[in-house]
Amino acid sequence: MFTYEIIQEESKSIVKINGDLDIDVTEIMQDEITPALMERQDIEFDFSNVPFVDSSGIGLLMTLINELREAGSQVTITKVSQEVMYVFSLLQLPEILGREIFVDLKRDFEPVSDTN
Amino acid sequence: MFCKVINHDQQNLDSYLTLKREIQLARKIQRKLLNGEKPILINSQVSGFSIPASMIGGDYFDFYPLSDGKVRIIIGDVMGKGIPAAMLMILTRGAFRSAAEVTEGPGETLTSMNKAIFKDLRTLSSFVTVFCADWDPNTGSLVYANAGHYMPVLVRGNTETFELPDLKGVMLGGLPDQVYQEKEIRLLEGDTLFFYTDGIVEAQNCHGEMFQIERLHETLMQNAHKTASELETIVIDTLTNFTEGLPQKDDITMVILKVGTGKDQQR
């Protein structure tokens, strides 16, 4: 069961995601979360309760982050579990979205080598 | 009024039947493309197998014969599943076939594929993970390149399993102008190399547990002496037992390369 909660802390919007991020989340992501975040400047996605992501979930996340950035928001992702970060690293998400988006990356994970 | 209702229901039924027929045709086309001619190899077997989660799927594998008896192998997973993923799978197949013909190695093939389909994938907010390798049965050399895909599992001598030395690369559609690096490994007689998509290791049972890579290693090690097609069946049976008949959530695809023991082993 996927749920989310948006908590406003001063100027920052913290989006706490709970549950697997996969293809079943498509409608919630596109119809609820994206419009709800569109006007916000500083957005943090809290992944502490995301045990699993698959390729569809990563696609949804990439689309969401790109849309929010195009709308002028600053986005970060925090508290990613090692299992989920393994999948992010496999697909080289830090290289695609920018390493700065993963604020815990330096603390918990070795840098990923470049392909170039 | 009653007549209008009947007509409306009839229209819905007609639309449903048309859609069903078209999806079945699309499934047939996809199965034919996936189950194309297998390459003739000296002293080795190569085989591929795919089960979509829906009527049609987004997983992909292919074999492209090269000169001197070599073959280029590719396995890929398009983001998502069903009809949208199947459409992009065809796009990926076209890019691979075109690139394989004019590129020297797997790294160059992935570089060319990304160049060809990057814009389309970005426009559609999608991406594809692929692993590509050139197998030379004459020398035992396997040269490979990776675009965000799981590394294949190598079973050596029925006693040892390990993943190929890691090689990172951005998934196709992730970043423009990527140059994909290559690595090489020497395969030995009796080796089995298992390429796969995430639908295998992420298959879930009713307790929410995933099959995971450890169970895959165990299954492969116990059955590495079987033929490629027997091994395919065993992996599927093991997955079915594990999931206890729970509906398949993602496409499942595998490619098996077995290095033989002296005789031609074409399937």
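Within every chain, numbering begins at 1; the chains are lettered A, B, ... in the order of the sequence lines, protein sequences first and strands thereafter.
- The number of heavy-atom neighbours closer than 6.0 Å to CD of B:E244, taken from other residues, nucleotides and ligands shown, is above 12.
- Atom CZ of B:R97 has more than 12 neighbouring heavy atoms from other residues, nucleotides or ligands inside a 6.0 Å radius.
- No more than 12 heavy-atom neighbours from other residues, nucleotides or ligands sit within 6.0 angstrom of CD on B:E104.
- Heavy-atom minimum distance, B:G174 versus A:I96: O-CG2, 3.5 Å.
- At most 12 heavy atoms of other shown residues, nucleotides or ligands fall within 6.0 angstrom of atom CD in A:Q74.
- Heavy atoms from other residues, nucleotides or ligands lying under 6.0 Å from CD of B:E101 number 12 at most.
- Separating the NZ atom in B:K168 from the OG atom in A:S89 is a distance of 6.0 Å, to the nearest 0.5 Å.
- Residues A:I58 and B:F127 form a side-chain contact, since some pair of their non-hydrogen atoms from C-beta on lies under 4.5 Å apart.
- Only the side chain of B:D77 comes within less than 4.5 Å of a heavy atom in chain A; its backbone stays farther off.
- Taking 4.5 Å as the heavy-atom cut-off, the residues of residues 203-210 of chain B that approach chain A are B:Q204, B:M210, ordered by number.
- Residues of residues 110-124 of chain B lying within less than 4.5 angstrom of chain A, judged on heavy atoms, are B:R122 in numerical order.
- Atom CE of B:M171 sits about 4.0 Å away from atom CE of A:M62, to the nearest 0.5 Å.
- Contacts of B:T129 with chain A are made by side-chain atoms alone, with heavy-atom separations under 4.5 Å and no backbone atom involved.
- In this structure, B:N146 CG and A:L90 CG are separated by 7.0 Å, a value rounded to the nearest 0.5 Å.
- Distance check: B:S125 OG to A:E67 CD gives 7.0 Å after rounding to the nearest 0.5 Å.
- A distance of 5.0 Å separates NZ in B:K249 from CG in A:D24, rounded to the nearest 0.5 Å.
- With sequence neighbours excluded, no residue forms a ring-ring contact (aromatic ring centres under 6.0 Å, His included) with B:Y64.
- Contact count versus chain B (heavy atoms, under 4.5 Å) is highest, among A:P51, A:G57, A:S56, for A:S56.
- The two residues B:E202 and A:V53 make their nearest non-hydrogen contact at OE2-O, 4.4 Å.
- Heavy atoms closer than 4.5 Å to chain B are found in the side chain of A:L93, but not in its backbone.
- Taking non-hydrogen atoms and a 4.5 Å limit, the residue list of residues 12-23 of chain A in contact with chain B, ordered by number, reads A:D20, A:D22, A:I23.
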